[in-house]
Amino acid sequence: MIRVPAEVRDQLAAVAEARGTSLRALLQDIAAQTLTPEQIRNRADRTRAPLAERFGHHVPDEESAEMRRKMREAAAAHRAVRPPS
């Protein structure tokens, strides 16, 4: 059981209904698409290896952190201007 405020529950239920799915399936989809910090690090490591091996480009942690920050900002900006469905 997950406890959330009623307005959050209602929002999720509306999204699930609009997608033609159940609230349970919607939450499972969200969980499957949301990465943990460890999963993010693993993906970054898997990306860094071929860059270093094939192209000789070594991406420092600071550069990765800056790129993640920029991507979060871009995603937030996209969500802010996306027309409601």
Side-chain angles (χ1 to χ4, degrees):
M1 178 180 284
I2 299 173
R3 295 182 188 268
V4 295
E7 58 270 9
V8 172
R9 181 204 59 226
D10 294 345
Q11 168 82 20
L12 291 169
V15 171
E17 183 177 347
R19 292 183 183 182
T21 190
S22 68
L23 185 54
R24 169 183 246 151
L26 174 68
L27 291 173
Q28 287 174 327
D29 287 346
I30 291 169
Q33 294 174 27
T34 305
L35 301 177
T36 66
E38 181 180 356
Q39 289 169 319
I40 292 169
R41 280 190 301 277
N42 288 342
R43 281 192 177 186
D45 290 344
R46 288 194 314 266
T47 301
R48 286 179 185 166
L51 286 173
E53 292 168 9
R54 295 180 189 161
F55 306 109
H57 182 74
H58 298 276
V59 181
D61 289 338
E62 298 80 23
E63 188 177 332
S64 288
E66 178 65 12
M67 185 57 66
R68 282 192 304 277
R69 183 189 66 73
K70 287 179 180 180
M71 291 179 75
R72 280 192 305 272
E73 287 176 359
H78 175 74
R79 285 190 302 272
V81 299
R82 190 173 60 197
S85 33

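Quick note: numbers below take in every heavy atom, side chains included, and nothing from hydrogens, waters or symmetry partners.
Hydrophobic clustering, defined by side-chain heavy atoms of Ile, Leu, Val, Met, Phe, Trp and Tyr closer than 4.5 Å, groups Ile40 together with Leu35. Hydrophobic side-chain contacts under 4.5 Å tie Leu23 into a cluster, directly or through other members, with Ile2, Val4, Val8, Leu12, Val15, Leu26, Leu27, Ile30. Leu51 belongs to a hydrophobic cluster with Phe55, Val59, counting contacts under 4.5 Å between side-chain heavy atoms of Ile, Leu, Val, Met, Phe, Trp and Tyr, direct or through other members.
Remark: Thr36 pairs with Gln39 by the side chain to side chain donor-acceptor pair (under 3.5 Å) rule, at least two apart or across chains. Considering only residues two or more places apart in sequence or on other chains, Glu73 meets the side chain to side chain donor-acceptor pair (under 3.5 Å) condition with Arg69.
Other residues, nucleotides and ligands contribute at most 12 non-hydrogen atoms within 6.0 Å of the CD atom of Glu17.
To the nearest 0.5 Å, atoms CD (Glu63) and NE2 (His58) are separated by 12.0 Å.
Judged as a salt bridge (Lys or Arg N to Asp or Glu O under 4.0 Å), the pairs with a partner in residues 29-51 (not counting sequence neighbours) are, in order, Asp45-Arg48, Arg48-Asp61.
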Working note: Arg9 + Glu7, criterion side-chain contact (heavy atoms from CB on, under 4.5 Å); need CA distance, chi angles, decisive distance, verdict. CA-CA 5 Å; Arg9 181 204 59 226; Glu7 58 270 9; over 6 Å; no
